[in-house]
Protein chains: 2
Amino acid sequence: MNADDLDKTKKTPAFQMVIVHLRNQIRSGKLAAHAALPSERAIAEQFGISRMTARRALLAVEMEGLAYSSGRRGRFVSPQRVAYDISKTVSLSALIGQDGPGLTIKVISQQMAQADAALSAKLAVPEGEVLYKYIRVFLLQDHPAFVEEEYAIASLFPGLFDHNLQQSTTVLMEREYNVPPHSGDITIRMRALNEQEAGLLNLPTYNAGIELEQVIYGPDGKPFCFGRQIWRGELAEFTAHAIVRR
Amino acid sequence: MNADDLDKTKKTPAFQMVIVHLRNQIRSGKLAAHAALPSERAIAEQFGISRMTARRALLAVEMEGLAYSSGRRGRFVSPQRVAYDISKTVSLSALIGQDGPGLTIKVISQQMAQADAALSAKLAVPEGEVLYKYIRVFLLQDHPAFVEEEYAIASLFPGLFDHNLQQSTTVLMEREYNVPPHSGDITIRMRALNEQEAGLLNLPTYNAGIELEQVIYGPDGKPFCFGRQIWRGELAEFTAHAIVRR
DNA sequence: CCACCATTCTGGTATATACCAAATGAAAAC
DNA sequence: GTTTTCATTTGGTATATACCAGAATGGTGG
């Protein structure tokens, strides 16, 4: 079946032809992971369409998760998705950091903060409670995967910022402060990135991503840490094994 | 801070002004849930921008989850997200169907199918095993929320299609066949909709959505049902309570 | 009262063009 | 060999315009 066959019946939108073409190139392996896709202008010329239409196709391929854009550098083929098992609250760094390198953590900011209404509810502390707040970007193979904003109850972890934050904080908290993670409440949703997140993830503003929020509880059943991760949507998938509660 | 202040320093893109305006209208409640947003042409005229720019803003607001489009009827304010607790594998219909109405199930197709390689692995049956296959659309307040494609092992549920499929199938399987759900393996990812899904959800093609896959196991530890749901991304969030396994 | 039809509204696709800013790479200066 | 400079390439924003097809509306004729 070629394009003309479709044209006879319904008229296939031009941008869809480009999508099909790119999809094939990627799926067949002619374009390997992290290889550069043709530019908007190149596609426009090659297919005899306008640049805006080529752009539309490329954005669709991005949304499919087959490609990712990297600022004004170009678009590239996505690597395989990372499967993140949320049944183990232990952070990603513990999961990947050991198998091999490839995981880099960039600390964007670290400061003290006070619990607002939302945080006080989630962490079961009074409003105004002193918290550590830090923002980090996690990169897989030098490719930004997600931004994490985390809050930890300060009184439980004196001198937390004296440690290197380029590692799993749950592991750190367990090893240095004897506060092991025991359970977690997790929420996953899809939402658009704000400007800061988009900048850190090298994405155009208002791209959609997946948000994973988690409150981490200790063995005593009390929460000690709240985190919010925004993932590039094409990069992750979250798995869980659930027992039906009645 | 108004737009002019930003213009002095950096020049705020025009479409972002529209986004801010719409966001305020919605957040403040001036536009209630399911109320119609101004059309692309109306916004273009009101803000003195071209229609394509207005369109860009509206698409961004859609991606934020604040609005949803409904074919060529227009765009409307999104209702509140539905929280879906994946720790209870029991299907959504059990969750919502009792509180009040508002949930409608449309059966799109029902047929017999044979297990391919992927399905045989997930359901632990030989390739070629006979399965029920049915596709349904779930609507909340007459607004399509997700498309579900489900496969059930035929030999376990003789005459399944004699029952009304406009209800929770896990409940049906438990009540009529004494096969209660016991646990489930769940995967959540973000991906683009294909044409069929987009049509059923009243969305433009290549919109992104959230996919929830689940294999449901019985008390004997054997899988009996595999389902794949594609949600409108702005509509759902998934919660879970996880115990750390070591 | 209802069935039909034309008008008007909506978003979807597509064009050709323009300018900007970030990133890249090659040539020129040191 | 290193640094600086500059032209090129890239995506991002924006315009004005055009046509199409589905959806809603308001009227008209039965």
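Basis for what follows: all heavy atoms, side chains included, without hydrogens, waters or symmetry-related copies. Order of the sequence lines sets the chain letters (A, B, ...), proteins ahead of strands, with each chain counted from 1.
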Candidate list B:Phe138, B:Tyr84, B:Phe238, test ring-ring contact (aromatic ring centres under 6.0 Å, His included), partner B:Phe146, passing option:
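For B:Phe146, the ring-ring contact (aromatic ring centres under 6.0 Å, His included) test succeeds with only one of B:Phe138, B:Tyr84, B:Phe238, which is B:Phe138.
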Who are the side-chain contact (heavy atoms from CB on, under 4.5 Å) partners of [X], not counting sequence neighbours?
X: A:Gln80; result: none
X: A:Ala42; result: A:Pro38, A:Ser39
X: B:Ser109; result: B:Gln111, B:Ile135
X: A:Ala115; result: A:Leu119, A:Ser120, A:Val125, A:Glu129, A:Leu131

What pairs meet the salt bridge (Lys or Arg N to Asp or Glu O under 4.0 Å) rule with one or both residues in [range], with sequence neighbours excluded?
range: residues 14-30 of chain B; answer: B:Arg23-B:Glu64
range: residues 197-208 of chain B; answer: B:Arg191-B:Glu197
range: residues 38-47 of chain B; answer: B:Glu40-B:Arg51, B:Glu40-B:Arg55, B:Glu40-B:Arg75

**Message:** Using a heavy-atom cut-off of 4.0 Å across all strands, would you classify A:Arg41 as base, sugar-phosphate, or nothing?
**Reply:** base
First of B:Glu40 and A:Phe15 reached from the 5' end of DNA chain C, by closest nucleotide
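Taking each residue's closest nucleotide, the earlier one in sequence belongs to B:Glu40.
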Rounded to whole Å, how long is the line connecting atom CD1 of A:Ile43 with atom P of D:dT10?
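In whole Å, D:dT10 P and A:Ile43 CD1 are 11 Å from each other.
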Residues which pass side chain to side chain donor-acceptor pair (under 3.5 Å) with A:Ser70, listed by chain and number, not counting sequence neighbours:
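Result, side chain to side chain donor-acceptor pair (under 3.5 Å) vs A:Ser70: A:Arg73.
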>> What residues from residues 64-74 of chain B pass a heavy-atom cutoff of under 4.0 Å to DNA chain D?
In response: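 Correct list: B:Arg72, B:Arg73.
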Within residues 44-55 of chain A, those residues having any heavy atom closer than 4.0 Å to DNA chain D are A:Arg51, A:Met52, A:Arg55
Students should find that the nucleotides of DNA chain C closing off the region near chain B, any atom under 4.0 angstrom from a heavy atom, are C:dT10 to C:dA14
Qualifying ring-ring contact (aromatic ring centres under 6.0 Å, His included) pairs, either residue in residues 25-54 of chain A, two or more places apart: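 Residue pairs with at least one partner in residues 25-54 of chain A: A:His21-A:Phe47, A:His34-A:Tyr68, A:His34-A:His143.
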